[in-house]
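In what follows, a single structure is set out as structure tokens and then discussed.
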Amino acid sequence: MKYVDEFRDGELAKIISANIAQEATAVSGYNLMEFCGGHTHAISRYGITDLLPANVRMIHGPGCPVCVLPIGRVDQAIRLALEYSVILCTYADTLRVPASGGLSLLKAKARGADVRMVYSTQDALKVARDNPEREVVFLAIGFETTTPPTAVAIQQAAAENLNNFSILCYHVLTPAAMHAILSVEGGKTVPLNGFVGPAHVSTVIGSKPYEPFADDYNKPVVIAGFEPLDVMQAILMLIRQVNDGRAEVENEFTRAVTREGNLKAQHIVDEVFELRDSFEWRGLGSVPDSALKLRSKYFSFDAELKFNVDYVPVADNKACECGAILRGEKRPQDCRIFAIGCTPDNPVGSCMVSSEGACAAHYTYGRFRQIPIVAEALS
Amino acid sequence: MKKSYTRSLDIKHGCVDMSHGSGGRSMAQLIEELFSQAFNNEYLSQGNDGALLPSIKGQLVMATDSHVVSPLFFAGGDIGCLAVHGTINDVAMMGAQPLYLAASFILEEGFPLVDLQRIVASMAKASIEAGVPIVTGDTKVVEKGKGDGVFITTTGIGVVRDGLMLSGDLARPGDKILLSGTIGDHGMAIMTQREGMTFDTPIISDTAALHGLVSAMLNCGAVIKTLRDPTRGGLATTLNEIAKQSGVGMLLQEATIPVNAAVEAACEFIGLDPLYVANEGKLIAICAPQDVEKLLQVMHEHPLGVQTAVIGEVLEDTHHFVQMVTKLGGRRMVDWLAGEQLPRIC
């Protein structure tokens, strides 16, 4: 397929792989974090680990929207659906995130909640238009990539006086999470040599917001597309920066990302949203200025205010290591319940839910690596 | 005396109503004017509660399959031909020659008779082309809102030649895995229609009866161990089932698995993996390495097997993992489908 096959070419992969092997000479190794779940997914799905030398270690970051959503936030949505009988619309991955009391939105649906999967905010608006007698709440989740469509939907709803439509705003911000990872209190920071920077997020925010990580934290950032060759090229670029002692923001994804980003999208987001003082992330705890809320002129579309449902924090399952995995401190296979008590069919933690979650990706595509298999079969 | 006072069915404007399932005159009329005429054969026209069939020598295979596809009409077929092909294929995957079908309809009140006639005509055509008559049936009507137009369950009977034994538990390390053509065509034909996606090259369902291809394969002298049609859950799910049943692992080569360009593009758009998308006219065969050439030759000569490829091999693996070497050159697992990937598709 044109514009896709070029970025999955096995022969080119061999060449980049050989270059990485040749240039990754540092004995101390290279600990590189791919921030985005999209990169985690690409690494797992295409088996990129097999094309990297042992001293290049990829650490999965927190860039998976449903993974960083704490239990209390899912509870809030379930409460709206079950107790307030709203039509709750959201993107598919969110449906399976475990909440309190053994529930998830999918299980709440089986108990009579009206939960609907939508592909876009426009679908949610249509549900609201088609059901004027019902309250329709869109669970707005995601990083900067999914924020502009939510902002547009709010503007449309306001223009149409669509008063039965509101949103639970769980939109979060990438740079804030990167700051949090690099400045974990208590000095438990992960030794990172650099970041594979977000693909789709960067098309919106541009490459500029990453400059402080290079300048202030001395960490190289290479923005990369979500195709496997993008990821491999970015890894090579990071290795070169580390070898040269450079810490710069480089852009591998030039076909889609500029330094300034999508100014129109940024403007719309700014018109509709403002920063929350603080937002709790699974794994990172409360992070200041890390999420968005509706500006006061759009308060009537804020479901938290409209229905007066407070956020009640809930502790993660004690055995679950999602927090440490999201901070990059642990790998999925380091969790005691990985693939035993926690599987994609019965997830305990959120990282086992989305295909972009570190645990789900490792379970689905890579868990054979932990198990010795017959050697000749692979020849 | 006049022959009848009953007006014939108004197929053009009429709809299914509750009386069509009541057991009374309306039902008799629907059966006679719509079903019996289309499916006409000597067993059905016996007009009894069941069909009295000739004695059959040999071991019998019986299979049943319910069809609840939405939309009912899709590029390349409809629920009618799908219901015929689906059960014929289940019988054929046991190595049997399908002989007879039974069909049971659950109709929703208000369903247009013109659509029902189109579906029944498509079933009749598929049945005649396959040479497998629909010899008995049933019709029920549910209230509006309690069905989705029409649900069709078909049951098939077939006979296996003496000494032939195909089963999902016979795959052994070293065996080769053959796939009869491109994957994902049926599921993506349904999905793209549902989502209103159009492509320059339309995606057409692969729905087809595979017993002719199976017959050619069985007659070529090769020893086939397992046959399966990778329907719901796609190639990935079916291979995992076989791996588990046989207590083996598998290693696939992604580059050898045929996928139509439009299907690949649509999967990219919606974020699906074609390995998990349904097929309705493809089969997987597992055989020892020495039988591969014979099978490949006879499959390539059959219209439904032109693109047959060897896609991998069976390994010893106590974890029963299905693994794949990706086009990029890395390795990944091809796991069971977790949860639900798609709405109803077959």
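Here is how names work: the chains are called A, B, and so on, in the same order as the sequence lines, proteins then strands, and each is numbered from 1. Keep in mind that this is a model prediction, so the values were computed, not measured.
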Heavy atoms from other residues, nucleotides or ligands near CZ of F73(B) exceed 12 (cutoff 6.0 Å): yes
Which portion of S44(A) sits near chain B, non-hydrogen atoms under 4.5 angstrom: backbone
Passing candidate, side-chain contact (heavy atoms from CB on, under 4.5 Å) with M333(B), options R367(A), R369(A), H362(A): R367(A)
Greater than 12 external heavy atoms within 6.0 Å of Q22(A)'s CD: no
NZ/NE/NH1/NH2 to OD/OE distance under 4.0 Å, R8(A) and E264(B): no
Winner by heavy-atom pair count (cut-off under 4.5 Å) against chain B, out of R45(A), M232(A), E11(A), M117(A): R45(A)
Spacing of CZ belonging to R332(B) relative to OG1 belonging to T364(A), to within rounding of 0.5 Å: 9.0 Å
Options A265(B), G329(B), A262(B), G249(B), ranked by heavy-atom pairs under 4.5 Å with chain A, top entry: A265(B)
pair I48(A)-T326(B): side-chain heavy atoms closer than 4.5 Å: no
Among the listed options V259(B), L328(B), T318(B), the residue most often paired with chain A at heavy-atom distances under 4.5 Å: L328(B)
